[in-house]
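Just the heavy atoms: all of them, side chains too, but no hydrogens, waters or symmetry mates, feed the values below.
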Amino acid sequence: MAKHNHRNVGIFAHVDAGKTTTTEQILYMSGVIRLLGSVNDGTAFTDSLDIEKQRGISIKSAATSFIWKENTINLVDTPGHIDFISEVERTVRVMDGAILIVSAADGVQAQTETIWKALRKLHIPTLIYVNKMDRVGVSPADVMNNITSLLSPAALPAQAVIYEGEVWSRTASIFSGDTHDSAEQLNTLAEWLADQDESVLERIIEGEEISASEIRERFQEEARKGNAYPVCFGSSQKGIGIEELMDAILEFLPSPAGDANGPLSGVVFKIDRDKNMGRAAYVRLYSGSLRTRDSITIANRDLNEKVTQIRKMEGRKVVDLGEVEAGDIAAVYGLHDVQIGDVIGSEEYVPPLPGMAVPLLTVQVHSKDAAKYPALVSALQELTDEDPLLGLSWLQDERELHLKVMGSIQLEILESVLLSRFDIEVTFDPPSVIYKETPVSEGEGFIAYTMPKPCWAVLRFAIRPLPRGSGLIYRSEVRYDNLLERYQNEVARRVPEALEQGLFGWEVTDLEVVLTYGEHHVWHTHPLDFVVATPMGIMDGLNRVKTALLEPMQHFRITVPEENGGKVLSDLVHMRAEFEAPYISHGRCTVEGILPVAASMDYPVQLRSETKGHGVMATSFAGYQECPEGTVVTRKRRGVDPLDQSRYILAVRNAISS
């Protein structure tokens, strides 16, 4: 059953808030490492890649484990930069608890809010750790106001901040009784509990004093359920508050659930490569157990694999486990074809992805040395294996390689990784925005693929537009005695592929496709006929109903000095932004709304210039919406257009070059 002396914890934060330094201190104080490393010096334990050491930022999640007070804690340090949000997203999914770090000097920042929303979406119990409390001018009250206003009013101090004179010196649990304001803080907690529970409220009204032990027990219970968010304080650089934070992990974050004797259920959340062992799949098990030499089924891809070894990082040591049970995380070897997101065994116990990461830019990559083109293809396939959101598109006939990316920092890192890891120098074309298409009306698509013989596949599709964010919904109304099941399965598999390129060359989304008629021939039909026919039928339908272009939008919140407010509002109008009336507080002007990605790609740099570095812009993906009338942005089509049916049929039959 659940492992009560076990925790799975992810550390999350905005870039430069101190995640890796905090992780380093935890590993040091738990005895895992003997010497403290430094992010700035490139010696941090969890920054293992050359580029991480050079740049002083984390770009990949790093999993390790340590023991604290006879409890085993699996700890995952995640990147802080928005360009690597996909790494964060995959980690959030498999954690039972989280430490969200907020810089006392900078407050809640853009990435902090993005991660917070993802943690709340999956209802993951969260500790908030306020780092850099040693900075001059930091006010605990101001920090708490910032956290409660931007994150949650249920963020409540679990520790008191203790000063010696004017200098902050340490923290202590509010339940320890060794601070002069413990009683006041306990009253604050009691009042919060009373707001959640009428029976507690009645007891307080009747004058009953709620004991510190009961408040602690109830607060602990609410935190482990993900309803309250204990706030801890410290300075990771100086090692102050770290042991108290480790105690808080045990006190306020839950043990993993799961039955080791239940059906096998787990998910692959990270792919890595060991120089000696080769490909490692990091697996979180939710139910059952996995042993070396076990044969397993990948539920979502009808794939069977065999486990050759199971290992775990315990600090700098690699430990061969031989077995991993429900609630635990381990590196599994021998799974040569699994991908990130693959479900091992049953899907029943695996939580969904929070959906934070949506690449909005596409870029073409070139090898400086043409002779290394095959090596570049192989390298990009390997990197896409480790980060599926790169979405490598390889146009073999055109010898073109396209990637989906989050931003410019990611491109810099990719360039560096390709050079240091694969010895390939590359250049990138300027990034362009990823548009989508959607039907503008209802209609039908029809194809009768009966020539040249032997072939026979007749299909009719109904196509209907759906509201934004609906994606693709496909269903069939055709009976199996009219069109055999194996043929219908082939159509169902090919419809999403056919919609990857619409009339303008972009993915078509927010539509329902219904197979309303299907016909095969007893002698002439082959299953591959439906592979050929489906794209022609879909494109015939899109050509009849026509499609509209959709552009990606982003939520924004811009905060600038009051004197810069007018210029920012003018900029926003020119960028086609929709925004609320700005509000002014303490000499700062804040405005929120949505704006097109295409119009604002360079604006963060412009904003910093206009405000001499005092402007802050936080953004998050806000979905797609229809482009202004008259906007035409096309993307070069891969292969022959199925609308050109004669040429398309010859191409897929290899009668001509596509």
Side-chain angles (χ1 to χ4, degrees), residues 14-15 81-83 85 106-118 146 149-151 355-363 404-411 430-438 467-469 506 510 548-633:
H14 187 94
V15 66
H81 199 283
I82 188 68
D83 281 15
I85 191 70
D106 302 306
V108 174
Q109 296 169 280
Q111 181 84 328
T112 323
E113 290 186 78
T114 301
I115 296 166
W116 179 259
K117 290 173 184 175
N146 182 242
S149 62
L150 292 179
L151 299 184
M356 296 185 290
V358 181
L360 302 178
L361 304 175
T362 180
V363 65
K404 295 178 181 178
V405 295
M406 302 292 293
S408 59
I409 298 296
Q410 187 180 7
L411 286 179
S432 57
V433 171
I434 297 173
Y435 290 82
K436 293 189 178 183
E437 302 176 43
T438 194
R468 295 293 155 264
W506 303 100
D510 299 341
L549 272 179
L550 303 176
E551 63 179 340
M553 308 294 291
Q554 56 187 3
H555 289 290
F556 71 87
R557 186 175 71 246
I558 296 174
T559 303
V560 295
E562 188 175 346
E563 60 268 23
N564 297 115
K567 180 65 170 69
V568 166
L569 296 180
S570 173
D571 292 341
L572 290 172
V573 170
H574 283 104
M575 291 188 292
R576 297 189 282 118
E578 301 171 16
F579 53 90
E580 304 292 329
Y583 56 92
I584 296 171
S585 175
H586 304 295
R588 302 279 287 178
C589 174
T590 300
V591 59
E592 298 186 47
I594 62 170
L595 80 169
V597 172
S600 58
M601 286 173 61
D602 300 323
Y603 191 64
V605 174
Q606 180 184 332
L607 181 69
R608 284 196 295 272
S609 174
E610 289 176 356
T611 62
K612 295 182 172 59
H614 297 296
V616 178
M617 181 176 182
T619 60
S620 61
F621 178 57
Y624 277 78
Q625 72 178 33
E626 197 164 324
C627 291
E629 190 174 346
T631 302
V632 177
V633 184

Could you walk me through whether Thr590 and Thr559 satisfy the side-chain contact (heavy atoms from CB on, under 4.5 Å) test, starting with their C-alpha distance in whole Å, then the side-chain angles of each, then the deciding distance to 0.1 Å, before giving a yes or no? CA-CA 4 Å; Thr590 300; Thr559 303; 3.2 Å; yes

Report the C-alpha separation of Arg576 and Leu595 in whole Å, then their side-chain angles, then the decisive distance to 0.1 Å, and conclude whether the side-chain contact (heavy atoms from CB on, under 4.5 Å) test is met. CA-CA 6 Å; Arg576 297 189 282 118; Leu595 80 169; over 6 Å; no

side-chain contact (heavy atoms from CB on, under 4.5 Å) between Arg468 and Glu626: does it pass, once the steps are laid out? CA-CA 9 Å; Arg468 295 293 155 264; Glu626 197 164 324; 3.9 Å; yes

Using the side-chain contact (heavy atoms from CB on, under 4.5 Å) rule, take Asp510 and Leu550 through it: C-alpha gap first, then chi angles, then the decisive distance, then the call. CA-CA 10 Å; Asp510 299 341; Leu550 303 176; 4.1 Å; yes

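Scanning both residues, Tyr603 and Glu610, for their nearest heavy atoms gives OH-OE1, 3.9 Å. Residues Leu607 and Gly615 come closest through the heavy atom pair CD2-C, 4.1 Å. Scanning both residues, Leu569 and Phe579, for their nearest heavy atoms gives CD2-CE1, 3.8 Å. Residues Glu580 and Val591 come closest through the heavy atom pair O-CG2, 3.7 Å. Of all the heavy atoms in Ile434 and Trp506, the pair that sits closest is CA-CZ3, 3.9 Å. Summarising the geometry of Trp116 relative to Leu151, their closest heavy-atom pair is NE1-O, 3.3 Å, with the distance given to 0.1 Å.
A heavy-atom distance below 4.5 Å is not found between the side chains of Val597 and Tyr435. Using a 4.5 Å cut-off on side-chain heavy atoms (C-beta onward), Met617 and Arg608 make no contact. At least one side-chain heavy atom of Val560 sits less than 4.5 Å from a side-chain heavy atom of Cys589. Within the 4.5 Å cutoff, the side chain of Arg588 has heavy atoms near those of the Val616 side chain. Inter-residue side-chain proximity for Lys404 and Leu361 is flagged as unmet; no heavy-atom pair is nearer than 4.5 Å. Within the 4.5 Å cutoff, side-chain heavy atoms of Ile594 are placed close to those of Gln625.
To the nearest 0.5 Å, atoms CE (Met553) and CD (Glu578) are separated by 6.0 Å. Taking CE from Met601 and OG from Ser432, the interatomic distance works out to 7.5 Å, rounded to the nearest 0.5 Å. Once rounded to the nearest 0.5 Å, the distance linking CG of Asp571 with CD1 of Ile558 reads 8.0 Å. Rounding to the nearest 0.5 Å gives a distance of 13.0 Å between NZ of Lys436 and SG of Cys627. Here the straight-line distance linking atom NE2 of His614 with atom CD of Glu563 works out to 8.5 Å at 0.5 Å rounding. The line from CG of Leu150 to CD of Gln109 is 11.0 Å long, rounded to the nearest 0.5 Å.
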